[in-house]
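I have placed the structure first, in the form of structure tokens, so that the comments after it can refer back to it.
Scope of the values below: all heavy atoms of this structure, side chains included, with no hydrogens, waters or symmetry mates. Numbers restart at 1 for each chain; the letters A, B, ... are given by sequence-line order, proteins then strands. Keep in mind that this is a model prediction, so the values were computed, not measured.
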There are 2 protein chains.
Amino acid sequence: MSTLKDVAEKSGVTVTTVSRMLNGRGYISEKTREKINAAMRELNYKPNELARALSKKRSNFIGLIVPSASNMYFCKVIDCVERLVTGSGYKLLLCTSNDETKKELEYFNMLSASKVAGVILASHTQNIDLSVAIDAPIISIDRIISPRIPSVCSDNYQGGILAAEHLIAKGCRKLAHISGSSYLNMEANKRFFGFKEVCEKEGVPYVAIDATEEQFLSMQYENIIHSLIDSNPDIDGIFTSNDIIAAQVIKICSRRGIRIPQQMKVVGYDDIDLCKFCTPSITTIHQPVRDICQRAVESIVLEQDKKGIPIRVTYPVTLVEREST
Amino acid sequence: MSTLKDVAEKSGVTVTTVSRMLNGRGYISEKTREKINAAMRELNYKPNELARALSKKRSNFIGLIVPSASNMYFCKVIDCVERLVTGSGYKLLLCTSNDETKKELEYFNMLSASKVAGVILASHTQNIDLSVAIDAPIISIDRIISPRIPSVCSDNYQGGILAAEHLIAKGCRKLAHISGSSYLNMEANKRFFGFKEVCEKEGVPYVAIDATEEQFLSMQYENIIHSLIDSNPDIDGIFTSNDIIAAQVIKICSRRGIRIPQQMKVVGYDDIDLCKFCTPSITTIHQPVRDICQRAVESIVLEQDKKGIPIRVTYPVTLVEREST
DNA sequence: GCTTATATATTAACCGTTTGACATATAGAT
DNA sequence: ATCTATATGTCAAACGGTTAATATATAAGC
């Protein structure tokens, strides 16, 4: 593996000159530039990123912490972030925390030790001031972690409003809401508040139940869905806080012979691919994941040059109507 | 941010002593060990991983290249690999190649420049000898890339056999096979060969169609499914090369009023979460993703110490029966 | 008491870059 | 011919670790 020194020797200049060219500082004659380029090509030179980062006291890694990579919503986040990070000349260090604070802290230490350029947090960690643990910009996605850490969210409150309005407009007389684990993501609770507000304004009765953290991670909600329907057989519309719950509602209704959308209408949340693949396909609230991720990555990149970034950014959501309503 | 030197000064020894302790080389008195530990704690010292890697000429990053992170099968791979990599003291650099050779090469150069400890390839790159591009162990998942690059696969041929046998045992009289893009993953083609062999042995007629690369990436197979059914209205069993196609078959049958499993039986491949969430749920061939990933990560770790690893490893698959058959 | 083995600490070079300080060459202005 | 800008290049010290070679202290063996 050839080094800067090899390139310098081969092209008859010093390492400083080569480095200067590589980093676009100072002046370089066209002739020298040519010589260096030729040498680099000939030696198949690739700058050692570790040495470079050590010297600059900053790597071009960006850390992304998600609870899990097997949850389809986070997959979308991972996919978007990876493309954006790479597109901006950085590299993605992926961390899955299982939503455990202990693991999140370990990852923070690890990322800090690798001198990452920034961290994007899509995992919980309520009320922990992580900024002390790392000397790099942090930004959280769809969660507000502490007053000082910037966040980029979608309009969860509005999402709840859209869902409730849609169900009511479609003729539902009694609604239900099933949330993910409200403990894990306080922001997402706003979906319920929006939903609730509309129900109350329109005088439509509703019930609400909350899944546990364990259910969220294992993605198994059958039990609570069954008991919800058992104890409220008159419900004709369900708004779920994520699409995975919605898919299971559909499954259970089908088993129980409840026809969708005739007897029961379902609105999910997130708009993951699953919505399209289900039969019937799922009406849902579309989160602008791409926009959110783009903002997050941009923030990290901008903060490299100490440019100020807004502390709170909110993107609008939209309702996507499919077969389940 | 404190350094080794700070720790050494604070505990009244030299950096070598501290480093020696950190790396568990040579001898350290219990007293010294205590002093150093106290100093490290007090200074909240974290070794700079970049410096360490530079010095050792090898980082503890492991690169994973997948076509896309939004495909549910690869999500599972990402999730498994991340956990295993972290569990072995490494960090995951995630790369999404879109199955483009050019991008894969770029990623290889990038990974090489970051002195990764190894690369796990779950993306195509047929017949390119990537080992020249990087001085680190490479291992491919579910693909055979070149004679010299080790791979870990599941038994695709057997998967095809299980699927066909199951459909025939369930009473199907005419079968169809829809493959992903056979161009992208030659290994997966063996699923068809296994399927074909059983059909021929049992004297069951079949048709086979192949999706395009574009369809694989966009996950939209509706067109070919419609035309398959249009031109072969007598098919009563379909074996698809991945679960996403299977979900769409179910969707289209439902639209066309073809009842599943009564009039049409469907077997998918991979056993991603989607199978459970679909209505009806999907019978599929289960790939032991965890085992495969574990083997892959272990291989990379073992090769750090130049331990030999087998060039080809194959894991068995199983059929998981659900509602679609 | 002297030699040897074992335990512990030190010095300094190296990993591959970046970069501030400084040197030299060239050309234009006076 | 001298002075000043401007262009081009060089030296050497960081960055934060690792590690081979070497020195010193301690205990054991005879």
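For A/S55, whose side chain is taken as the heavy atoms from C-beta onward, the closest listed nucleotide among C/dT18, D/dG17, D/dG9 is C/dT18. Taking every side-chain heavy atom of B/T32 into account, C/dT8 is the closest of C/dT17, D/dG17, C/dT8. When each of D/dC15, C/dT19, C/dT10 is scored by its nearest atom to the side-chain atoms of A/K57, the top-ranked nucleotide is D/dC15. Considering only side-chain atoms of A/I28, the nucleotide from D/dT18, D/dG9, D/dC15 that sits closest is D/dG9.
Judged by atom type and distance alone, A/T14 does not reach the base of D/dT10 through any side-chain donor-acceptor pair under 3.5 Å. The base of C/dT11 is paired with the side chain of B/T16 by a donor and an acceptor separated by under 3.5 Å. Checked by distance alone, A/R33 brings no side-chain donor or acceptor within 3.5 Å of a matching partner on the base of D/dT8. Between the side chain of A/R20 and the base of D/dG9, a donor-acceptor pair under 3.5 Å is found.
Distance CG (B/L54) to C1' (D/dT19): 14 Å, rounded to an integer number of Å. Rounded to whole angstrom, the span from the CD atom of B/E34 across to the C1' atom of C/dT8 amounts to 17 Å. In this structure, B/K115 atom NZ and D/dT18 atom C1' are separated by 17 Å, rounded to whole Å. At whole-Å resolution of the value, NZ in B/K31 and C1' in D/dT26 are 14 Å apart. To the nearest angstrom, C1' of D/dG16 lies 15 Å from CZ of A/R58. One atom, CG of B/D6, and another, P of D/dG16, lie 9 Å apart when rounded to the nearest Å. When rounded to the nearest whole Å, the span between NZ of A/K46 and P of C/dG16 equals 14 Å. Atom pair A/L4:CG and C/dC15:C1' shows a separation of 13 Å (rounding to whole Å applied).
Not less than 2.5 angstrom separates the SG atom of A/C293 from that of A/C80.
Here B/L121 contributes atom CG and B/I138 contributes atom CD1; the two are 6.5 Å apart, rounded to the nearest 0.5 Å.
B/Y107 and A/T86 share a side-chain donor-acceptor pair at under 3.5 Å. Using modelled atom types and a 3.5 Å distance limit, the side chains of A/S114 and B/E49 yield no donor-acceptor pair.
For D/dG17, the OP1/OP2 oxygens have no side-chain nitrogen or oxygen of B/N48 closer than 4.0 Å. Look at B/S19 and you'll find a side-chain N or O under 4.0 angstrom from OP1 or OP2 of D/dT18.
In this structure, B/T17 and B/A51 both approach DNA chain D, and ranking their closest nucleotides by distance from the 5' end singles out B/A51.
The local environment of CZ in A/R58 is crowded, with over 12 non-hydrogen atoms from other residues, nucleotides or ligands closer than 6.0 Å.
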